[in-house]
Amino acid sequence: MRLLNNIFNSTKLAEKALDAVWLRNKTISQNIANVDTPGYKRKTVKFEEMLNRYSKGGFKGFKTHEMHIDIGSSGNIDNINIEVLTDNKNLSSRLDGNNVDIDNEMASMAKNTIKYNVLVQSVNASLRRIKSIINEGRR
């Protein structure tokens, strides 16, 4: 049962990461679409920082009964929030106040696409493991 819980938790984490990568893709596309809009400030997605904070949750108590109170990190991946932030830094080299750098956005899009493909492969591998466990359990 513990093995199955670990597989489900890793799948759940990969699903959450896929949500973040998908939102980041939409955000980068929005930045690219507004590259010529005066005053537009680029947007970024904050997920990895939240995931690091979650993974460094510190001390976590081990529950031996379901009625026990959680100690430390709750371990619930659903509590990780994906945030879209506006980059209001005044680092624009353009006179119109737009701070979108098309080369940077295109590089971010390529990096994000690679992340998406790796995560999809990870989820598929997890689902194959679950299928294998179920099929082997029947024998």
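The side-chain heavy atoms of Val120 and Tyr116, taken from C-beta on, include a pair separated by under 4.5 Å. The side-chain heavy atoms of Gln30 and Tyr40, taken from C-beta on, include a pair separated by under 4.5 Å. Side-chain contact between Asn34 and Val100 is absent, with no heavy atoms from C-beta onward closer than 4.5 Å. At a threshold of 4.5 Å between non-hydrogen side-chain atoms, the residues Asn25 and Val21 do not count as touching.
With sequence neighbours excluded, the residues forming a side-chain hydrogen bond (donor to acceptor under 3.5 Å, both in side chains) with Glu48 are Arg24, Lys115, listed by chain and number. Taking Thr27 as the reference, Leu23, Asn31, Lys43, Val45, Val84 meet the side chain to side chain contact (heavy atoms under 4.5 Å, CB included) condition, with sequence neighbours excluded. Legend: residues meeting side chain to side chain contact (heavy atoms under 4.5 Å, CB included) with Asp19, ordered by chain and number and at least two apart, are Ile82. Residues passing the side chain to side chain contact (heavy atoms under 4.5 Å, CB included) test with Glu83, sequence neighbours excluded: Lys46, Met50, Leu85. Applying the side-chain hydrogen bond (donor to acceptor under 3.5 Å, both in side chains) rule to Ser29 yields no partners; only residues at least two apart in sequence or on another chain are considered. For Asn135, the side chain to side chain contact (heavy atoms under 4.5 Å, CB included) criterion is met by Lys131, Arg138, not counting sequence neighbours.
Once rounded to the nearest 0.5 Å, the distance linking CG of Asn117 with OG of Ser122 reads 12.5 Å. Taken from CE in Met109 to CD1 in Ile102, the straight-line distance is 9.0 Å, to the nearest 0.5 Å. Atom OG of Ser108 sits about 10.5 Å away from atom CG of Asp103, to the nearest 0.5 Å.
The minimum heavy-atom distance between Lys41 and Asp87, with the atom names listed, is CB-O, 3.5 Å.
For residues 25-37, no pair satisfies salt bridge (charged side-chain N to carboxylate O under 4.0 Å, His left out), with sequence neighbours left out.
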- Between Ile28 and Arg42, does a side-chain contact (heavy atoms from CB on, under 4.5 Å) hold up when you go through it step by step? CA-CA 8 Å; Ile28 293 170; Arg42 71 183 293 267; over 6 Å; no
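Between the Asp96 side chain and the Gly39 main chain, no donor and acceptor come within less than 3.5 Å of each other.
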